[in-house]
Asks: 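Pasting in a structure now, in structure tokens, and then I'll have a few things to ask.
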Number of protein chains: 2
Amino acid sequence: MKVSALEEYGLRCMLQLARNNGGSMTLPEISEAEGVSLSYAGKLLMILKKAGLVKAVRGRQGGYALVKPAGEYDLKEIFDALGEPLYNPRHCRKFKGDLEKCVHSKDCTVRDIWKEFSKIIDGVLGKVTLADAASGDYDFGDMISSIQVGIK
Amino acid sequence: MKVSALEEYGLRCMLQLARNNGGSMTLPEISEAEGVSLSYAGKLLMILKKAGLVKAVRGRQGGYALVKPAGEYDLKEIFDALGEPLYNPRHCRKFKGDLEKCVHSKDCTVRDIWKEFSKIIDGVLGKVTLADAASGDYDFGDMISSIQVGIK
DNA sequence: TAATTACTTTACAAAAAAGTACAGTATTTT
DNA sequence: AAAATACTGTACTTTTTTGTAAAGTAATTA
């Protein structure tokens, strides 16, 4: 289970903008702040822009900025913009081996695991705002202790 | 956030063996059952074997089998064998851009997010056994409804 | 003991992801 | 209007992951 480079660095760019209190940052600024190349920062911000998460202004006084207050973004929407979710309906088509259908399709326990798992992850990501993440004001403690796997 | 092919197919191989009630399966059998090539099945089972999750017998009556009852494996140990965890101490070294240190190192909110997140995932994976997964006898329902993100 | 079946190992090929280079367009400043 | 700054878009290279090929070793069977 892995976080892609796009997700990692994309989130960081969002955190940079969030800490900037609604102000805009140029690509050179973001690039230097995160230690990534200008090109790569450009790629990341373009993805975020196309997803509608940031807005851009061209020209000399230009730069990127959040389109809404950091407290109104949740981590799920940021991740959705940067990559595929852990589970989606195409899961079994993607991992079907050479067989026409997923061999687990009749009673697909594998799919169920990812589907349920994905719900948990989305649940958590959906409840942490970008502002929370930027300031560290969130606490997963209660959640962890409350984890209980029941029997159907 | 993605599940790698090794994790997906590796887990499926374990599920095949688990459904076999402790009996052994040959590579050709596993390969055909999952629709993956013989070579690839061999690679997967070798990884699982080196991690100590399965045992192998060579020769004509050979094959692979679980080393313990399916109910004594949890999904976490299976995933640990097949790939890196979502978060590990090398996270910031891996994603540090061109800078000597992760730019978030002082007050690394990114790292904290993955660290906490990873705990949740491990918590869930650690509570589902291979036997549960094979039969579908687990329920994340309670868990989902109990998710609460607090404030530090 | 030779043939067959099956695991083991190494090396390689193909595909996907990560990251870079560069030419272009828009806006502002001088 | 020319220069400077900054976003935009495409094409490319590198690296990692995925998957395959083939030769080798071990055990069994006839």
Side-chain angles (χ1 to χ4, degrees), chain A residues 1-13 17 23-67 79 82-84 90 93-99, chain B residues 1-13 17 23-67 82-84 90 94-99:
Chain A
M1 203 132 31
K2 255 183 36 176
V3 173
S4 74
L6 248 46
E7 289 167 334
E8 172 80 21
Y9 288 119
L11 172 60
R12 290 192 193 179
C13 290
L17 292 175
S24 78
M25 291 178 78
T26 67
L27 278 182
E29 282 169 347
I30 295 170
S31 153
E32 200 199 355
E34 284 298 338
V36 299
S37 74
L38 191 60
S39 292
Y40 195 45
K43 189 181 209 165
L44 290 167
L45 271 296
M46 194 47 51
I47 291 170
L48 294 169
K49 190 201 161 191
K50 284 183 176 160
L53 296 182
V54 301
K55 60 190 172 195
V57 172
R58 288 162 83 142
R60 199 142 178 181
Q61 300 281 26
Y64 288 94
L66 301 181
V67 299
F79 270 73
L82 293 163
E84 289 277 295
R90 292 184 297 290
R93 212 182 317 165
K94 187 172 162 199
F95 289 117
K96 68 171 166 44
D98 289 333
L99 303 177
Chain B
M1 202 135 27
K2 255 184 35 177
V3 173
S4 74
L6 247 46
E7 289 167 334
E8 172 81 20
Y9 289 118
L11 172 60
R12 289 192 193 177
C13 289
L17 292 174
S24 77
M25 291 179 79
T26 66
L27 277 183
E29 282 169 347
I30 295 171
S31 153
E32 200 199 353
E34 283 299 339
V36 300
S37 74
L38 191 61
S39 292
Y40 196 44
K43 187 181 209 165
L44 291 167
L45 271 296
M46 194 47 50
I47 290 171
L48 293 169
K49 189 202 161 191
K50 283 184 175 160
L53 296 182
V54 302
K55 61 191 171 194
V57 172
R58 288 162 82 140
R60 199 143 179 176
Q61 302 280 29
Y64 289 95
L66 300 181
V67 298
L82 294 164
E84 289 276 296
R90 291 184 297 289
K94 187 172 162 200
F95 288 117
K96 69 169 165 45
D98 290 333
L99 303 176

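So you know, we letter chains A, B, ... as the sequences are listed, proteins then strands, and number each from 1.
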Asks: With Glu29(B), which residues qualify under salt bridge (Lys or Arg N to Asp or Glu O under 4.0 Å), at least two apart?
Replies: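 For Glu29(B) there are no salt bridge (Lys or Arg N to Asp or Glu O under 4.0 Å) partners, ignoring immediate neighbours.
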
Asks: Would you compute the distance between atom OG of Ser37(B) and atom CG of Leu44(B) and round it to the nearest 0.5 angstrom?
Replies: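 Going from OG on Ser37(B) over to CG on Leu44(B), the span is 8.5 Å.
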
Asks: Please list, chain by chain and in numerical order, all residues satisfying ring-ring contact (aromatic ring centres under 6.0 Å, His included) with Tyr64(B), sequence neighbours excluded.
Replies: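 ring-ring contact (aromatic ring centres under 6.0 Å, His included) check on Tyr64(B) returns nothing, list empty.
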
Asks: Among residues at least two apart in sequence or on other chains, which ones pass salt bridge (Lys or Arg N to Asp or Glu O under 4.0 Å) with Glu84(A)?
Replies: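 Salt bridge (Lys or Arg N to Asp or Glu O under 4.0 Å) list for Glu84(A), sorted by chain: Arg90(A).
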
Asks: Rounded to whole angstrom units, what separation is found between the CG atom of Leu82(B) and the P atom of dT17(D)?
Replies: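 Roughly 14 Å, once rounded to whole Å.
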
Asks: Using whole Å, report how far CG of Leu38(A) lies from C1' of dT5(D).
Replies: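 My rounded result for the distance is 11 Å.
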
Asks: Between dT18(D) atom P and Glu34(B) atom CD, what is the distance in whole Å?
Replies: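 Computing the Glu34(B):CD to dT18(D):P distance gives 16 Å.
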
Asks: To the nearest angstrom, how far is Met1(A) atom CE from dT17(D) atom P?
Replies: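 Rounding to the nearest Å, CE of Met1(A) and P of dT17(D) are 16 Å apart.
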
Asks: For Glu84(B) and dT16(D), give me the distance from atom CD to atom P, rounded to whole Å.
Replies: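 It works out to 13 Å between those atoms.
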
Asks: Partners of Glu8(B) by side chain to side chain donor-acceptor pair (under 3.5 Å), sequence neighbours excluded?
Replies: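 Counting only residues at least two positions away or on another chain, Glu8(B) forms a side chain to side chain donor-acceptor pair (under 3.5 Å) with His91(A), Trp114(A), Arg12(B).
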
Asks: Could you write nucleotides 23-30 of chain C as a row of B, S and -, 5' to 3', where a protein heavy atom under 4.0 Å of any base atom gives B, of only sugar-phosphate atoms gives S, and otherwise -?
Replies: --BBBBS-

Asks: Taking the side chain as everything from C-beta on, heavy atoms only, tell me whether Phe79(A) gets closer than 4.5 Å to Leu11(A).
Replies: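 Phe79(A) vs Leu11(A): side chains touch.
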
Asks: Ser4(A): which residues meet the side-chain contact (heavy atoms from CB on, under 4.5 Å) condition with it, sequence neighbours left out?
Replies: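 Residues passing side-chain contact (heavy atoms from CB on, under 4.5 Å) with Ser4(A): Leu6(A), Glu7(A).
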
Asks: Say you draw a straight line from CG of Leu27(A) to CG of Leu45(A); how long is it, rounded to the nearest 0.5 Å?
Replies: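 The CG atom of Leu45(A) is 5.5 Å from CG of Leu27(A), to the nearest 0.5 Å.
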
Asks: To the closest 0.5 Å, what do you measure between CD (Glu32(A)) and OG1 (Thr26(A))?
Replies: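 Rounded to the nearest 0.5 Å, the CD-OG1 separation comes to 9.5 Å.
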
Asks: Quick check for you: among dT20(C), dT8(C), dC7(D), whose closest atom lies nearest to any side-chain atom of Ser39(A)?
Replies: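 Out of dT20(C), dT8(C), dC7(D), the nucleotide with an atom closest to Ser39(A)'s side chain is dT20(C).
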
Asks: Ile30(A) has an atom CD1; how far is it from atom P of dT5(D), in whole Å?
Replies: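 Those two atoms, CD1 and P, are 18 Å apart.
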
Asks: Mind checking side-chain contact (heavy atoms from CB on, under 4.5 Å) for Lys55(B) and listing every partner two or more places apart, or none if nothing turns up?
Replies: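 Lys55(B): side-chain contact (heavy atoms from CB on, under 4.5 Å) contacts with Ala65(B), Val67(B).
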
Asks: Can you give me the N/O atom pairs linking the protein to nucleotides 16-19 of chain C at distances under 3.5 Å, or say none if there are none?
Replies:
| from | atom 1 | to | atom 2 | distance (Å) |
| --- | --- | --- | --- | --- |
| dA18(C) | OP1 | Ala5(A) | N | 2.9 |
| dG19(C) | OP2 | Tyr40(A) | OH | 2.9 |
| dG19(C) | N7 | Lys43(A) | NZ | 2.7 |
| dG19(C) | O6 | Lys43(A) | NZ | 3.2 |

Asks: To the nearest Å, how far apart are Leu44(A) CG and dG9(D) C1'?
Replies: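 After rounding, the reported distance stands at 15 Å.
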
Asks: Quick check on contacts: within residues 46-55 of chain B, what sits under 4.0 Å from DNA chain C by heavy-atom distance?
Replies: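 Per residue number, the list reads Met46(B), Lys49(B), Lys50(B).
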
Asks: Identify the two heavy atoms, one from Val54(B) and one from Leu17(B), that lie closest to each other, and give their separation to 0.1 Å.
Replies: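 Answer, listing the atom of Val54(B) first, then Leu17(B): CG1-CD1, 3.8 Å.
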
Asks: Checking all strands, does Gly63(B) fall into the base, sugar-phosphate, or nothing category for heavy-atom contacts under 4.0 angstrom?
Replies: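 Gly63(B): backbone/sugar contact only, no base atoms under 4.0 Å.
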
